Amino acid sequence: MSYAIVFSSRTGNTRLLAEAIRDALPPEACVYFGEPSPEALAADRFYVGFWTDKGSCGEDIAVFLENTGNKPVFLFGTAGFGGATSYFDKILDSVQAHVPGPVIGRFMCQGKMPAAVRTRYESMPESPRRQAMLENFDTASSHPDVEDLSRLRRAVQDC
């Protein structure tokens, strides 16, 4: 069964996940690896990755997913905020709404954010919310980490 790994990665986090998936699967069955493209639609199965944009995926990924037909899709993504499975599930549910066929797996993890985000947080007035955002930024700075990538590989191999 052929597969395509299609992803959008603004900061490189989602690309790291895509590379981990590529390493976990038979290379000879991969017909496409990269950003959304009609060429990828020739695959029998899709691994589709996104960075979180306002609680969902970007328009490029949404349009690609809507064109996958009834072929199986594994969703994976990164979000700067993280830690709560319920938050990740809400994002994945939003992205999954674009998939017309079966979703065979889902994976989310936290991803590091650009330094400019921390600078923006630092300029906010002192408050518990500001402190929580700075702490989240610092926690995110090491993700995706080795454990995230290991969990992803297991999830891909299990489906």
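This is a predicted model, so every value here is computed, not measured. All values below were derived from every heavy atom in this structure, side-chain atoms included, with hydrogens, water molecules and symmetry-related copies excluded.
Residues in residues 38-68 take part in these ring pair (Phe, Tyr, Trp, His ring centres under 6.0 Å) pairs, two or more places apart or across chains: Tyr3-Tyr47, Phe46-Phe64, Tyr47-Phe74.
Across all non-hydrogen atoms, the minimal contact from Ala140 to Gly80 is CB-O, 3.6 Å. Heavy-atom minimum distance, Phe7 versus Ala18: CD2-CB, 3.5 Å. In plain terms, the two heavy atoms of Pro144 and Asn13 that are nearest each other are CD-OD1, 3.5 Å. Between Thr52 and Ala79, the closest heavy-atom pair is OG1-CB, 3.4 Å. When all heavy atoms are compared, the tightest approach of Ala20 to Arg153 is O-CG, 3.7 Å. Here the closest heavy-atom approach between residue Cys159 and residue Ile104 is recorded as CB-O, 3.5 Å.
No path of Ile, Leu, Val, Met, Phe, Trp and Tyr side chains, each step under 4.5 Å between heavy atoms, connects Val99 with Phe107, placing them in separate hydrophobic clusters. Transitive grouping of hydrophobic side chains (ILVMFWY, heavy atoms separated by less than 4.5 Å) brings Leu25 and Phe76 into a common cluster. Note on Phe33 and Val31: separate hydrophobic clusters, where clusters join Ile, Leu, Val, Met, Phe, Trp and Tyr whose side-chain heavy atoms are under 4.5 Å apart, directly or indirectly.
At distances below 3.5 Å, not a single donor-acceptor pair connects side-chain atoms of Lys71 with backbone N or O atoms of Gly101. Looking at Asp53, its side chain never comes within 3.5 Å of a backbone N or O of Gly58 through a donor-acceptor pair. The closest donor-acceptor contact from the side chain of Ser94 to the backbone of Ser56 lies at 3.5 Å or more, if one exists at all. Judged by distance alone, with hydrogens and angles left aside, the side-chain atoms of Asn67 form a donor-acceptor pair with the main-chain N or O of Val63 at under 3.5 Å. Without hydrogens or angle criteria, Ser127 side chain to Arg130 main chain gives a donor-acceptor distance under 3.5 Å.
For the pair Ile61 and Pro36, the minimum side-chain heavy-atom distance is below 4.5 Å. Between Val95 and Asp93, every side-chain heavy-atom pair lies at or beyond the 4.5 Å cut-off. In this structure, the side chains of Leu16 and Asp148 stay at 4.5 Å or more apart for every pair of heavy atoms. A 4.5 Å side-chain heavy-atom check between Tyr87 and Met108 finds every atom pair outside the cut-off. A heavy-atom distance below 4.5 Å is not found between the side chains of Pro114 and Arg120. Counting heavy atoms from C-beta outward, Lys112 and His143 have side chains that stay 4.5 Å or more apart. Within the 4.5 Å cutoff, side-chain heavy atoms of Leu17 are placed close to those of Cys109. Between Leu65 and Val48 there is a side-chain heavy-atom pair separated by less than 4.5 Å.
Counting heavy atoms of neighbouring residues, nucleotides and ligands inside a 6.0 Å radius, atom CZ of Arg129 does not exceed 12 of them. Around atom CZ of Arg151, more than 12 heavy atoms belonging to other residues, nucleotides or ligands sit under 6.0 Å away. Within 6.0 Å of CD in Glu35 there are 12 or fewer heavy atoms belonging to other residues, nucleotides or ligands.
Using a 30° and 60° split on the angle between ring planes, Phe137 and Tyr121 fall in the perpendicular class, above 60°.
To the nearest 0.5 Å, the span separating CG on Leu134 from OG1 on Thr139 amounts to 11.0 Å. The CD1 atom of Ile5 sits 11.5 Å away from the OH atom of Tyr32 when rounded to the nearest 0.5 Å. Distance check: Gln131 CD to Met124 CE gives 11.0 Å after rounding to the nearest 0.5 Å. One finds the CD1 atom of Ile21 at 4.5 Å from the CG atom of Leu152 (value rounded to the nearest 0.5 Å). Expressed to the nearest 0.5 Å, how far CE of Met113 lies from OG1 of Thr78 amounts to 10.5 Å.
For the pair Asp138 and Arg118, the salt-bridge criterion is met [side-chain N within less than 4.0 Å of a carboxylate O]. A salt bridge links Glu147 to Arg154: at least one charged side-chain nitrogen sits closer than 4.0 Å to a carboxylate oxygen.
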* Asked: Going through the checks in order, is the salt bridge (charged side-chain N to carboxylate O under 4.0 Å, His left out) test met by Arg106 and Asp89?
  -> CA-CA 9 Å; Arg106 304 178 355 156; Asp89 285 343; 3.6 Å; yes
* side-chain contact (heavy atoms from CB on, under 4.5 Å) between Val73 and Leu75: does it pass, once the steps are laid out? -> CA-CA 6 Å; Val73 174; Leu75 297 172; 3.8 Å; yes
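Judged by distance alone, the side chains of Asn136 and Gln110 do bring a donor and an acceptor atom under 3.5 Å apart.
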